[in-house]
Amino acid sequence: MPVGGCVWAPAHLGVLSDGVPVELVDEVLVECRRGERRVRVLPARVVVFFVLAMTLFPERGYAGVWRALCCSVRGVGVPSAAALRQARARLGEAPVRMLFDRLRGPVAPVATPGVWWRGLRLVAWDGSTLDLADEAAVRKEFGAPVHGSGREGAPQMAFALTIECGTRAVMDAVFGHCRTSESALVERMLGALAPGMLLLADRRFIGLGLWRSARQTGAHLLWRATATLAPTVIAHLPDGSYLAMRRGHKHERHLREMVRIIEATITVTLADGTTRHQTYKLMTTLLDHRTHPAADLVACYHQRWEIETALYGLKAIHKGSLRPLRSRTVPGIVQEFYALLLTHHLLRRLACHAALDTGLDPDQISFTTTLHTTRDTIITHTAPSPATPPRTGPTPSPCSPTGPCPQPDAQGPAHASKTVPKSATPSDKHTPTPNPKPPATPSPSAAP
């Protein structure tokens, strides 16, 4: 299918483009061995941005996503859905996963409101599930939940996130079979923790082995404990908390850890005036009651709900609560999963920068408004694709400002345009070479 205009034009994400520089995309493509020696109708760089844009327009089909990327660019045709599916398959999940690993992480500078507490960066982790397409291979790979009647539902993938509280930026993410425990998932994200952090977690992550592994990263911990936890009390502290020796359960019976326990009663007043009381038992590695009073730690634990609102924003607002991932193959699902998390992280970072520029708390920036504004900037994007040659092959083909963009072969994505000799200079690509021989004069019999 012939495509007019510039083949690199769709390589953008509107206002998010600064967060995904094309130089980084090209570098990742080379490292993942997705480099190209020829210019396709759908170059790998463009396919990366198309996959990311898919997660920003989940309600649109392939053609609708492509039109959003090229809405303000004249002369760019719409590839078929089959061509776009094949381009996604050629790309694979490795470049998108590596791009996510390069860009994820905390984004708030020191003293950002809601992010820091007594010199510690607040982070939280938790798990959830995503609905998937009901295909045999997908069901075999990820499994499906079993309902009370004993029948299996639609396939799902279990996943876990580590986020920066306040900004809700994604610091790490993992996925697995739908029956994988959340404790097993978060154990694979220990690399995201570092000294100077305070990790908040719910009572589902109560295993002493996980506690010790997380503490060995240098981060401090503030987790909710189960009501049945009964460690050996060592000393009562003036603020009402106490030091205790915690012992492991079952296969962790040999483990021992000194912890500080804080028991508090939370009172919630509802809109109708009724009150509700609940007892919380918190466990922390911050043992000094003078520098970290119990009341302040209880108030700090409230920030753990940031992970709940982050998961809601990812699943209900960003992806759509009633919409499964669109991919119908296992590699496509993994690719889409990391693309979804990467664009979500970029949206959170954009909101954080907007808050810092205006002197607001990042919590005051609406995620829905950020998402819709980003979509609008993608549709109205008019700036040309950067004129740097792609780093995906030995024969770069840039959209040079001194000449027309190289045109791909009209026979489809698998065919190349005419290549330029290696000895040619950039100006040789667009300046015709004079012919030293005069053209022959056609004979009358040769006239059409």
Restricting to non-hydrogen atoms, name the atom on [X] and the atom on [Y] that form the minimum distance, rounded to 0.1 Å.
X: Trp66; Y: Gly77; answer: NE1-O, 2.8 Å
X: Val51; Y: Leu91; answer: CG2-CD2, 4.2 Å
X: Ala144; Y: Gly153; answer: CB-O, 3.3 Å
X: Leu42; Y: Ala87; answer: CD1-CB, 3.9 Å
X: Ile317; Y: Leu371; answer: O-CD2, 3.7 Å
X: Ala355; Y: Ile365; answer: CB-CG1, 3.8 Å

Is a donor on one side and an acceptor on the other found under 3.5 Å between the side chain of [X] and the backbone of [Y]?
X: Glu336; Y: Ser327; result: yes
X: Gln335; Y: Gly92; result: yes
X: Gln364; Y: Asp361; result: yes
X: Thr370; Y: Ala351; result: no

[atom2] on [Y] to [atom1] on [X], rounded to 0.5 Å:
X: Thr279; Y: Glu263; atom1: OG1; atom2: CD; result: 8.0 Å
X: Leu360; Y: Cys352; atom1: CG; atom2: SG; result: 11.5 Å
X: Leu325; Y: Met54; atom1: CG; atom2: CE; result: 9.0 Å
X: Leu130; Y: Lys319; atom1: CG; atom2: NZ; result: 6.0 Å
X: His372; Y: Thr374; atom1: NE2; atom2: OG1; result: 10.0 Å
X: Asp126; Y: Glu306; atom1: CG; atom2: CD; result: 13.0 Å

Taking the side chain as every heavy atom from C-beta outward, state whether [X] and [Y] have any pair of such atoms under 4.5 Å apart.
X: His318; Y: Leu56; result: yes
X: Met171; Y: Pro106; result: yes
X: Val65; Y: Leu84; result: no
X: Tyr301; Y: Tyr280; result: yes
X: Leu341; Y: Leu161; result: yes
X: Thr285; Y: Val259; result: no
X: Leu120; Y: Met197; result: no
X: Thr112; Y: Val107; result: no

SB check [X] [Y] (cutoff 4.0 Å):
X: Arg139; Y: Glu152; answer: yes
X: Glu59; Y: Arg323; answer: no
X: Asp239; Y: Arg260; answer: yes
X: Asp296; Y: Arg118; answer: yes

Could you tell me whether His236 and Tyr242 have their ring centroids closer than 6.0 angstrom? yes
Answer with yes or no after comparing the ring centroid distance for Trp117 and His220 against a 6.0 Å cut-off, counting only values under it. no
Donor-acceptor pair between [X] and [Y] side chains, under 3.5 angstrom:
X: Lys315; Y: Ser128; answer: yes
X: Thr265; Y: His277; answer: no
X: Thr55; Y: Thr343; answer: yes
X: Ser17; Y: His12; answer: no
X: Tyr62; Y: Arg88; answer: yes
X: Thr309; Y: Arg168; answer: yes
X: Ser213; Y: Gln216; answer: no

Set out, in order, the CA-CA distance, both residues' side-chain angles and the distance that settles side chain to side chain donor-acceptor pair (under 3.5 Å) for Thr167 and Arg349, then state yes or no. CA-CA 7 Å; Thr167 65; Arg349 187 174 72 169; over 6 Å; no
Assess whether atom [atom1] of [X] is packed by more than 12 heavy atoms of other residues, nucleotides or ligands within 6.0 Å.
X: Arg204; atom1: CZ; result: yes
X: His302; atom1: NE2; result: no
X: Asp18; atom1: CG; result: no
X: Leu322; atom1: CG; result: no

Could you work out, with side chain to side chain donor-acceptor pair (under 3.5 Å) as the rule, every residue matching Asp272, not counting sequence neighbours? Thr274
Kindly determine whether Glu257 and Arg215 satisfy salt bridge (Lys or Arg N to Asp or Glu O under 4.0 Å), including the steps that lead there. CA-CA 10 Å; Glu257 285 289 332; Arg215 185 67 187 95; over 6 Å; no
Could you walk me through whether Glu31 and Arg102 pass the salt bridge (Lys or Arg N to Asp or Glu O under 4.0 Å) test, one step at a time? CA-CA 12 Å; Glu31 291 189 24; Arg102 295 283 186 90; 2.7 Å; yes
Could you walk me through whether Trp125 and Leu185 pass side-chain contact (heavy atoms from CB on, under 4.5 Å), step by step? CA-CA 10 Å; Trp125 64 22; Leu185 288 173; over 6 Å; no
side-chain contact (heavy atoms from CB on, under 4.5 Å) evaluation trace for Leu346 with Leu350: CA-CA 6 Å; Leu346 294 174; Leu350 176 64; over 6 Å; no
May I ask you to check if Arg348 and Phe367 form a cation-pi contact, with NZ or CZ under 6.0 angstrom from the six-membered ring centre and within 45° of the axis? yes
Does NZ or CZ of Arg45 lie under 6.0 Å from the centre of the six-membered ring of Trp8, at an angle within 45° of the ring axis? yes
Going through the distances and angles, do Leu243 and Leu287 end up as a side-chain contact (heavy atoms from CB on, under 4.5 Å)? CA-CA 7 Å; Leu243 300 178; Leu287 305 182; 4.1 Å; yes
Would you check, one step at a time, whether the test side-chain contact (heavy atoms from CB on, under 4.5 Å) holds for Met245 with Met258? CA-CA 5 Å; Met245 182 62 67; Met258 175 74 75; 4.2 Å; yes
Look at the rings of Phe205 and Trp223 and say which category their plane angle falls in: under 30° parallel, 30 to 60° tilted, over 60° perpendicular. perpendicular
Which class fits the ring pair Tyr338 and Phe100: parallel under 30°, tilted 30 to 60°, perpendicular over 60°? tilted
